[in-house]
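Here is the structure we will look at, set down as structure tokens.
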Amino acid sequence: MKLSMFNIANFKVDGGAMFGVIPKAMWSRVYPADENNLITLPLRSLVVETGDHVILVDTGWGSKQDERFFRYTYIHGGEGLFEGLRSRGYSPGDITDVVLTHLHADHCGGAFNRSTGSPGYKPAFPNAVIHVTRSQLEWALAGNPREEDSYPADNIKPIAGYPGLNLVEGDCELFEGFSVRICNGHTPGLMIPVISYNTKTIVYTGDLIPSVAHIPLLWNMSYDIESLKTITEKGRLLREALENNYILVFQHDEAVECCTLHMTPKGIRAREKFGFSEIA
Ligand SMILES: [Zn+2]
């Protein structure tokens, strides 16, 4: 197995929205905000080579929506999706599988590009099977007022109509050494990849634990549809990770890529923080 990770781009969100009910006096000490109360989040994607598969986990925002859609996202920096892949030796045609943890726009937007003519879009990775949970796809297609902005039709429609779609039904080993856990608090059918790499187990915590600052059980995003489920799911995963010395990998933490865990009087917290290059 070969692993790599890169940051597609940074974007900004309101720090309060990212930490829910936690007061700014507390969260801003561990995740600094700018003068507009915004915090910077990277969009780290994983590439996993195992057997005959080259798997890309999440695709960033993509470029299908207009300026108005992106007016409060302040996208900046990062390597870019295709540039990041290219500098690691991958062309779009090399990707055999795209695993979309869920269909919020910052995770799946890059799976399709605009094209001229009908239907107006084409797959960014023409040889890839796209993996998404059935529950998340059905949820996104049904739509709801809370997540309306997260599911623009020009992201969801192409995915729903893609012939090479694998609808994941539950926890399973998708590829050799690459399993997924399904969580439902952030949004129904969020996939959390758990990867066996050499002697280590790596958890790509996605939007369940977006940053190291979200390890405390009550430090959760306002974006979560069901906070109590997030608390339960996060608690379960953190206990398992602690007992088995897993490494957590963060998709959205500006400063910390990876950590291990230990128990403290306040609960499970990060022990060592380190770069992804130290494990891959
Ligand atoms: Zn999300």
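- Gln65 and Trp61 get closest at one heavy-atom pair: OE1-O, 4.0 Å.
- Note that CG of Leu103 is 5.0 Å distant from SG of Cys108, once rounded to the nearest 0.5 Å.
- Grouping the Ile, Leu, Val, Met, Phe, Trp and Tyr side chains by contacts below 4.5 angstrom, directly or via other members, places Leu167 with Tyr162.
- Counting only N and O atoms by type, the side chains of Asp58 and Thr101 include a donor and acceptor under 3.5 Å apart.
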Applying side chain to side chain contact (heavy atoms under 4.5 Å, CB included) to Met18 and Tyr223, what does each step give before you reach the verdict? CA-CA 7 Å; Met18 206 58 196; Tyr223 302 108; 4.1 Å; yes

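- Side-chain contact check for Thr187 and Glu147: at least one donor-acceptor pair (N or O, by modelled atom type) lies under 3.5 Å.
- When all heavy atoms are compared, the tightest approach of Gln251 to Gly206 is OE1-CA, 3.3 Å.
- In this structure, Asp149 places its CG atom where only 12 or fewer heavy-atom neighbours from other residues, nucleotides or ligands lie under 6.0 Å away.
- Taking both residues in full, the closest heavy atoms of Gly60 and Leu43 are given as CA-CD1, 4.1 Å, listed atom of the first, atom of the second, then distance.
- Side-chain contact between Asn113 and Phe82: present, with at least one pair of heavy atoms (C-beta onward) separated by less than 4.5 Å.
- How far OG of Ser222 is from CG of Asp14: 8.5 Å, rounded to the nearest 0.5 Å.
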Stepwise, does the side chain to side chain contact (heavy atoms under 4.5 Å, CB included) test hold for Leu237 with Leu208? CA-CA 10 Å; Leu237 185 72; Leu208 178 65; 3.7 Å; yes

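- With a 6.0 Å radius and a threshold of 12 heavy atoms from other residues, nucleotides or ligands, Asp52 has its CG atom at or below the threshold.
- With a 6.0 Å radius and a threshold of 12 heavy atoms from other residues, nucleotides or ligands, Glu240 has its CD atom above the threshold.
- At least one side-chain heavy atom of Ile39 sits under 4.5 Å from a side-chain heavy atom of Leu41.
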Does Leu85 form a side chain to side chain contact (heavy atoms under 4.5 Å, CB included) with Ser45? I'd like the steps, not just the answer. CA-CA 10 Å; Leu85 286 169; Ser45 274; over 6 Å; no

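- The two residues Thr40 and Tyr31 have their closest heavy-atom pair at O-OH, 2.7 Å.
- Residue pairs that meet the side chain to side chain donor-acceptor pair (under 3.5 Å) test with at least one member in residues 114-124, sequence neighbours left out, are Arg114-Asp154.
- Put simply, the side chain of Ile159 reaches to within 4.5 Å of the side chain of Leu100, judged on heavy atoms.
- Interatomic distance, Lys24 NZ to Arg29 CZ, rounded to the nearest 0.5 Å: 12.5 Å.
- Residues Ile225 and His186 fail the side-chain proximity criterion, which asks for heavy atoms closer than 4.5 Å.
- Relative orientation of the His104 and Tyr151 rings is tilted, given thresholds of 30° and 60° on the angle between their planes.
- A distance of 9.0 Å separates OG1 in Thr96 from CD in Glu49, rounded to the nearest 0.5 Å.
- Counting heavy atoms from C-beta outward, Phe125 and Thr59 have side chains that approach closer than 4.5 Å.
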Given the rule in the side chain to side chain donor-acceptor pair (under 3.5 Å) test, do Asn184 and Glu226 qualify, once you have shown the distances and angles that lead to the verdict? CA-CA 8 Å; Asn184 300 296; Glu226 294 195 66; over 6 Å; no

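- Leu217 has its side chain within reach of Lys234: a pair of non-hydrogen atoms, C-beta onward, lies under 4.5 Å apart.
- Put simply, the side chain of Gln136 gets close to the backbone of Pro188: a donor and an acceptor are under 3.5 Å apart.
- The local environment of OH in Tyr72 is sparse, with at most 12 non-hydrogen atoms from other residues, nucleotides or ligands closer than 6.0 Å.
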Could you walk me through whether Leu248 and Leu261 pass side chain to side chain contact (heavy atoms under 4.5 Å, CB included), step by step? CA-CA 8 Å; Leu248 306 189; Leu261 298 170; 4.0 Å; yes

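- Listed for the Ser150 side chain is no donor-acceptor partner under 3.5 Å among the backbone atoms of Ala105.
- Taking OG1 from Thr230 and CG from Leu190, the interatomic distance works out to 8.5 Å, rounded to the nearest 0.5 Å.
- Hydrophobic clustering of Ile, Leu, Val, Met, Phe, Trp and Tyr side chains at less than 4.5 Å, counting indirect connections, keeps Leu38 apart from Phe11.
- One hydrophobic cluster, built from ILVMFWY side chains closer than 4.5 Å, cannot hold both Ile22 and Ile215; they sit in different ones.
- With 3.5 Å as the limit, one finds a donor-acceptor pair spanning the side chains of Asn10 and Asn7.
- Once rounded to the nearest 0.5 Å, the distance linking OG1 of Thr73 with CD of Glu67 reads 10.5 Å.
- A salt bridge links Lys12 with Asp34: at least one charged nitrogen is closer than 4.0 Å to a carboxylate oxygen.
- Using a distance-only test at 3.5 Å, with no hydrogens or angles considered, no donor-acceptor pair links the side chain of Thr205 to the main chain of Pro210.
- Other residues, nucleotides and ligands contribute at most 12 non-hydrogen atoms within 6.0 Å of the CZ atom of Arg68.
- The two residues Ile75 and Ala9 have their closest heavy-atom pair at CG2-CB, 3.8 Å.
- The backbone N or O of Tyr74 lies less than 3.5 Å from a partner atom in the side chain of His76, making a donor-acceptor pair.
- Through chains of ILVMFWY side-chain contacts below 4.5 Å, Val99 is grouped with Met1, Leu3, Met5, Leu46, Val48, Ile55, Val57, Val168, Leu174, Phe175, Phe178, Val180, Ile182, Met191, Ile195, Tyr197, Ile202, Tyr204, Ile247, Val249, Phe274, Phe276, Ile279.
- A 4.5 Å side-chain heavy-atom check between Glu79 and Arg88 finds at least one atom pair inside the cut-off.
- Judged purely by distance below 3.5 Å, without hydrogens or angles, the side chains of Asp207 and His252 pair a donor atom with an acceptor atom.
- A donor-acceptor contact closer than 3.5 angstrom links the side chains of Ser211 and His214.
- Closest approach of Thr133 to Gly189, counting heavy atoms only: OG1-O, 2.7 Å.
- At least one side-chain heavy atom of Arg271 sits under 4.5 Å from a side-chain heavy atom of Asn245.
- Residues Met26 and Val30 are members of one and the same hydrophobic cluster, defined by side-chain heavy-atom contacts under 4.5 angstrom among Ile, Leu, Val, Met, Phe, Trp and Tyr.
- A donor and an acceptor atom, one from each side chain of Asp94 and Ser91, are located under 3.5 Å apart.
- Below 30°, between 30° and 60°, or above 60°: for Phe19 and Trp27 the angle between ring planes is below 30°, a parallel geometry.
- Residues Asp97 and His131 have side chains that bring a donor and an acceptor to within less than 3.5 angstrom of each other.
- Tracing side-chain contacts under 4.5 Å through hydrophobic residues (I, L, V, M, F, W, Y), one never reaches Ile95 starting from Val129; they form parts of separate clusters.
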